[in-house]
Amino acid sequence: MKVYLDNNATTMVDTQVKAEMDPFFVEKYGNPNSLHAFAGETHPSIKIAMEKIYAGIHAPKEDSVVITSCATESNNWVLKSIYFQYILTGRKNHIIVSEVEHPSVIATAKFIESMGCKVTYLPINEEGLIEAQSVRDVITPKTALVSVMWANNETGAIFPVEEIGQICEENKVLFHTDAVQAIGKTPVDVQSFNVDYLTFSAHKFHGPKGVGALYIKKGRELTPLFHGGSQMGGHRSGTLNVAGIVGMGKAMEQAVDALDFEMSEIREMRDDFEDALLEIPDTFVVTPRNRRTPNTLLISFRGIEGESMLWDLNRAGIGASTGSACASEDLEANSVMEAIGADEDLAHTAIRFSLSRYTTEEELEYTLDVVKKAVARLREISSSYAYAPEGHDSGLTTGH
Ligand code: 7TS
């Protein structure tokens with residue numbers, strides 16, 4: 001059996017998405033910005049796809065959604081542009097990001113920090129959550145931007161973007177949210193709260209890889225990262241990725257249609273799976289499940305190196321993760337677990353299971369069985385588990 005439980009890293013392209021993209025490689029390949037009939041074959045499809053993307057996040061026509069190559073680009077763009085517009089010019093000197101942002105925000109924040117910008121890294125609490133109040137505590141008249149993700153990719157923790165947006169509005173500070181893990185998992189409506197920039201990426205919701213987007217509220221200009229032929233209204237030059245945009249449009253439409261299913265059926269499947277795993281002794285979940293996206297579970301099995309568990313799972317045909325695939329080349333402790341203050345041993349034991357609307361009960365039953373066997377085998381040979389004191393206090397609770 002092959003079981004894919006790493007949907008926060010990327011997802012399968014839906015077959016209907018692929019079918020809609022197919023004509024745009026060989027049959028219809030005109031550059032939509034050209035002036036001949038070949039362009040006429042692609043241009044209308046871009047328009048329809050963009051309408052679906054706008055509708056998916058409830059963006060009004062006067063706002064912009066700019067297609068990029070990925071969420072990494074969108075996140076880099078916001079922070080670097082803020083640096084060019086506000087920090088370099090001396091109008092402001094400070095930005096705020098959470099300490100558990102994706103590396104595309106953290107590394108960019110560190111980069112602009114090295115260029116003279118002050119950066120505050122907001123902490124998470126012991127449940128892996130951000131407290132909106134913490135933004136109020138550190139925001140200053142010199143703050144140019146607050147960037148806090150909507151949902152964390154490791155734990156699925158949903159952050160209080162509405163309250164943070166409100167605090168930003170009161171303080172006249174721009175607010176960006178990385179909504180990569182929110183699309184298709186929780187309702188996203190850019191008109192329902194104060195947000196200036198919002199990032200998302202097609203491959204996290206059954207669209208193709210290599211297509212991201214940045215929503216920009218009307219009047220919030222950004223310095224382009226890519227100057228050139230003035231595509232995308234001059235916001236982002238480069239020939240349009242026609243198939244990718246068409247794919248993102250279809251995937252967005254489907255993600256919105258499947259939202260109820262995700263928030264009921266997938267949540268229930270995840271919860272049952274989680275309950276069954278928590279019956280294994282010395283097993284911890286940090287973030288309460290009602291504060292998480294419906295598909296995500298980050299769970300620690302004391303005494304078991306995450307990588308060893310992944311190895312056993314992989315041999316049984318199961319794909320999961322110890323955290324972000326982006327950082328998986330080095331055997332570092334899970335960054336969120338570290339940020340919570342979990343002890344060193346426990347921080348190395350986190351495994352992330354992320355479901356999708358294609359995950360089945362049978363797959364989860366099979367995975368449960370494999371995990372139980374792996375836990376028994378690995379604890380048998382684990383020196384740290386053997387020497388752990390009885391009833392040790394991890395400082396963590398099991399999250400329900
Ligand atoms: N932002 C968040 C919150 C993410 O989870 C990811 C990818 C990105 C940005 C980057 O997206 P991309 O479009 O540039 O690929 N996150 C993960 C992950 O959790 N495991 O692998 C990739």
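As a basis for the values below, the full set of heavy atoms in this structure was taken, side chains included, without hydrogen atoms, waters or symmetry mates. Just so you know, ligand 1 is whichever comes first in the structure, and atom 1 is the first atom listed for that ligand. Numbering of residues begins at 1 and proceeds along the displayed sequence.
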Is ligand 1 under 4.0 Å from a heavy atom in the side chain of Val180, in the backbone, in both, or in neither?
side chain
Looking at Tyr121, is Lys110 sitting on its ring face, NZ or CZ under 6.0 Å from the six-membered ring centre and within 45 degrees of the normal?
yes
Which atoms of ligand 1 have any heavy atom of Arg352 under 4.0 Å away?
18 (C), 19 (O), 20 (N)
Number the atoms of ligand 1 from 1 as they appear, then name those within less than 4.0 Å of a heavy atom of Asn8, with their elements.
16 (N), 17 (C), 18 (C), 19 (O)
Are any of the side-chain nitrogens in Asp312 or Arg315 under 4.0 Å away from the carboxylate oxygens of its partner?
yes
Pairs of nitrogen or oxygen atoms closer than 3.5 Å, one from Ser104 and one from ligand 1: do any exist?
no
When you check the gap from the basic side-chain N to the acidic O, do Arg289 and Glu274 get nearer than 4.0 Å?
yes
Pick whichever of Val211, Asp178, Val100, Val105 has a heavy atom sitting closest to atom 3 (C) of ligand 1.
Asp178
Ser356 to Ile266 - nearest heavy-atom pair and separation
O-CD1, 3.4 Å
Is any NZ, NE, NH1 or NH2 atom of the basic residue among Lys373 and Asp369 found under 4.0 Å from an Asp or Glu carboxylate oxygen of the other?
yes
Under-4.0 Å heavy-atom contact with ligand 1, by part of Lys204 that carries it
side chain
Hey, which atoms in ligand 1 end up nearer than 4.0 Å to a heavy atom of Met149?
3 (C)
Heavy-atom side-chain contact between His94 and Ile96 under 4.5 Å:
yes
Any heavy atom of His203 closer to ligand 1 than 4.0 angstrom?
yes
Are Phe175 and Val161 close enough that some pair of their side-chain heavy atoms sits under 4.5 Å apart?
yes
Using a strict cut-off of 4.0 Å, indicate which atoms of ligand 1 neighbour a heavy atom of Ala9.
18 (C), 20 (N), 21 (O), 22 (C)
Residue pair Met232 / Thr68, side-chain heavy-atom distance below 4.5 Å
no
Please confirm whether Glu101 approaches ligand 1 to less than 4.0 Å, judged on its heavy atoms.
no
Quick check on contacts: which atoms of ligand 1 are under 4.0 angstrom from a heavy atom of Cys70?
12 (P), 13 (O), 14 (O)
